[in-house]
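Here is the structure we will look at.
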Amino acid sequence: MKHRRIIRSRKLIGAAMLSLLLVLSACASGEAEQQGAAGKQAGDKIRVVTTIGQIAEPISVIGGDRVEVLSLMGPGVDPHLYNATQGDIKKLDSGDVIFYSGLLLEGNMTEIFEQIGKNKPVLAIADAIPKDQLLQDDAQATDPHVWFDIDLWKLSLDSAVEKLKSLYPEDADYFEKNKQQYFAQLDELKAEAKDKLSQIPEEQRVMVTAHDAFGYFGRMHGLEVVGLQGLSTEAEIGLSDINETIDILLRHKVPAVFVESSVNPASINAVIEGASKKGLDLKLGGELFSDAMGEEGTTEGTYIGMYRHNVETIYHALSGGDE
């Protein structure tokens with residue numbers, strides 16, 4: 001598995017934004033996590049605010065009619081670069097509980113979560129993953145794209161469900177039943193993905209994308225993953241990165257590379273052009289969902305649908321296989 005050094009520069013939160021945050025937090029009705037359950041009236045839905053759709057959609061399934069889930073980041077949004085707006089702060093303040101991924105995926109929002117966490121439940125769900133199961137790059141930076149390992153994402157989602165159960169014990173059995181049903185679907189997805197991707201010829205099991213978001217996916221399914229950018233889209237791409245990638249493609253005679261829905265395709269297009277000049281007929285294999293899912297209301301707007309779309313796209317591009 002190849003992981004590149006990245007530049008982990010993070011923008012500071014503006015003074016005006018923090019001032020607004022502190023004012024809103026001071027007005028929060030809860031003084032501790034236990035206040036979430038105490039403030040809920042019979043029939044009220046629990047208001048869950050999340051950062052990314054990979055958390056929001058599964059929690060909406062597991063939470064069912066007991067929750068109202070709001071995600072701050074929609075389709076095509078890059079969480080590495082995302083800065084909270086005043087509207088986001090108001091949404092966070094209105095939530096009963098807040099779930100974010102963590103591992104510095106939403107690095108520009110870290111201070112906001114720390115401040116809001118003084119007044120209401122805030123949980124980085126990926127913190128539930130044992131550290132020895134996390135991937136790191138050459139600079140020892142942790143790869144935050146853990147939702148591409150289905151087993152690790154189950155651990156993360158389970159920590160969110162346990163938080164809901166502890167805050168709202170009257171709904172605990174309901175949440176647990178829904179979680180077990182949903183996790184059974186994830187187990188089926190994992191088996192289906194492994195079977196499909198195992199059919200890609202060994203010499204073509206190299207997956208090139210715009211940034212290094214698929215390390216966990218590659219580890220789970222036995223693919224070598226090459227990302228032009230590092231773990232974060234803040235990393236810079238140099239000519240040497242492009243040339244090294246082209247050399248790998250030439251060596252393995254890889255038939256296709258991929259763009260991502262939340263990343264500028266320019267670097268991948270440069271790879272395709274450079275490979276063509278060296279005699280490799282390299283195709284664009286399709287668009288993958290990495291840091292963001294598809295549009296709400298579509299199959300790709302669900303975690304399972306997004307994952308299945310990626311599997312099918314990668315399979316067909318790298319193997320030329322048919323259904």
Side-chain angles (χ1 to χ4, degrees), residues 1-6 132-153 189-233 235 237-261 263 265 267-272 274-276 278-291 306-321:
M1 194 72 60
K2 184 172 182 179
H3 297 280
R4 303 189 178 206
R5 175 174 291 273
I6 67 171
D132 63 359
Q133 295 186 40
L134 296 172
L135 294 173
Q136 293 184 321
D137 68 0
D138 296 335
Q140 303 303 304
T142 298
D143 186 343
H145 306 93
V146 288
W147 54 85
F148 282 126
D149 183 317
I150 294 173
D151 293 331
L152 298 188
W153 203 232
L189 175 65
K190 174 185 172 182
E192 173 191 316
K194 279 185 168 293
D195 177 67
K196 176 72 74 173
L197 295 172
S198 68
Q199 300 172 45
I200 299 173
E202 187 68 30
E203 66 276 9
Q204 294 175 191
R205 301 176 67 80
V206 179
M207 178 180 164
V208 175
T209 60
H211 91 295
D212 207 359
F214 289 88
Y216 294 101
F217 187 94
R219 183 176 71 178
M220 171 163 276
H221 300 296
L223 299 171
E224 180 182 355
V225 176
V226 179
L228 282 171
Q229 284 176 294
L231 299 176
S232 170
T233 52
I237 300 176
L239 182 60
S240 62
D241 296 315
I242 293 175
N243 288 334
E244 287 175 15
T245 301
I246 291 172
D247 289 342
I248 293 172
L249 294 168
L250 289 168
R251 189 162 61 248
H252 291 274
K253 299 294 189 292
V254 177
V257 293
F258 304 91
V259 293
E260 301 171 41
S261 65
V263 181
S267 59
I268 288 296
N269 290 332
V271 168
I272 294 175
S276 176
K278 293 190 176 183
L280 178 62
D281 182 18
L282 186 63
K283 295 180 174 59
L284 185 61
E287 182 181 68
L288 303 178
F289 296 99
S290 56
D291 291 338
M306 172 272 294
Y307 203 102
R308 184 172 284 126
H309 165 90
N310 285 350
V311 168
E312 292 292 339
T313 300
I314 293 164
Y315 167 74
H316 285 286
L318 296 185
S319 69

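Side-chain atoms are counted along with the backbone in the values below, which use heavy atoms only and exclude waters and symmetry mates.
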- Item | side-chain contact (heavy atoms from CB on, under 4.5 Å) between M207 and L288, intermediate numbers included | CA-CA 11 Å; M207 178 180 164; L288 303 178; 3.6 Å; yes
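- Shown here are the side-chain contact (heavy atoms from CB on, under 4.5 Å) partners of A270, two or more places apart in sequence or in another chain: I242.
- In this structure the side chain of V271 reaches within 4.5 angstrom of the side chain of L249, judged on heavy atoms.
- Listed by chain and number, the residues in a side chain to side chain donor-acceptor pair (under 3.5 Å) with D281 are K283 (sequence neighbours excluded).
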Name every donor-acceptor pair, under 3.5 Å, that has one atom in a side chain of residues 250-258 and the other anywhere in the protein, sequence neighbours excluded.
residue: K253; atom: NZ; partner: L250; partner atom: O; Å: 3.2

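- Contact record, A193 with H221: CB-CE1, 3.6 Å, taken as the closest heavy-atom pair.
- Residues passing the side-chain contact (heavy atoms from CB on, under 4.5 Å) test with Q199, sequence neighbours excluded: D195, Y315.
- Between the CG atom in D149 and the NZ atom in K190 there is a gap of 7.5 Å [rounded to 0.5 Å].
- How far CD1 of I268 is from CG of L284: 8.0 Å, rounded to the nearest 0.5 Å.
- Exactly one residue among F289, F217, Y216, F214 makes a ring pair (Phe, Tyr, Trp, His ring centres under 6.0 Å) with Y307. That residue is F217.
- Using a distance-only test at 3.5 Å, with no hydrogens or angles considered, a donor-acceptor pair links the side chain of R205 to the main chain of L197.
- Here the closest heavy-atom approach between residue Q133 and residue R219 is recorded as O-NH2, 2.8 Å.
- Note that CG of D151 is 4.0 Å distant from CE of M220, once rounded to the nearest 0.5 Å.
- In this structure, W147 contributes its side chain and S290 its backbone to a donor-acceptor pair below 3.5 Å.
- Listed for the E224 side chain is no donor-acceptor partner under 3.5 Å among the backbone atoms of V206.
- I200 contributes atom CD1, which lies 5.0 Å from atom CG of L318 (distance to the nearest 0.5 angstrom).
- In this structure R308 satisfies the side chain to side chain donor-acceptor pair (under 3.5 Å) test together with E192, sequence neighbours excluded.
- Under the salt bridge (charged side-chain N to carboxylate O under 4.0 Å, His left out) criterion, K194 pairs with no residue, sequence neighbours left out.
- For the pair K196/I314, no side-chain contact is recorded, criterion being any heavy-atom separation below 4.5 Å from C-beta on.
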- Evaluate the side-chain contact (heavy atoms from CB on, under 4.5 Å) criterion for residues H145 and D291: first the C-alpha distance (whole Å), next the side-chain angles of each, then the deciding distance (0.1 Å), finally the verdict. CA-CA 8 Å; H145 306 93; D291 291 338; 2.9 Å; yes
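- Partners of N269 under the side chain to side chain donor-acceptor pair (under 3.5 Å) rule, at least two apart in sequence or in another chain, do not exist in this structure.
- A heavy-atom distance below 4.5 Å is not found between the side chains of I246 and L280.
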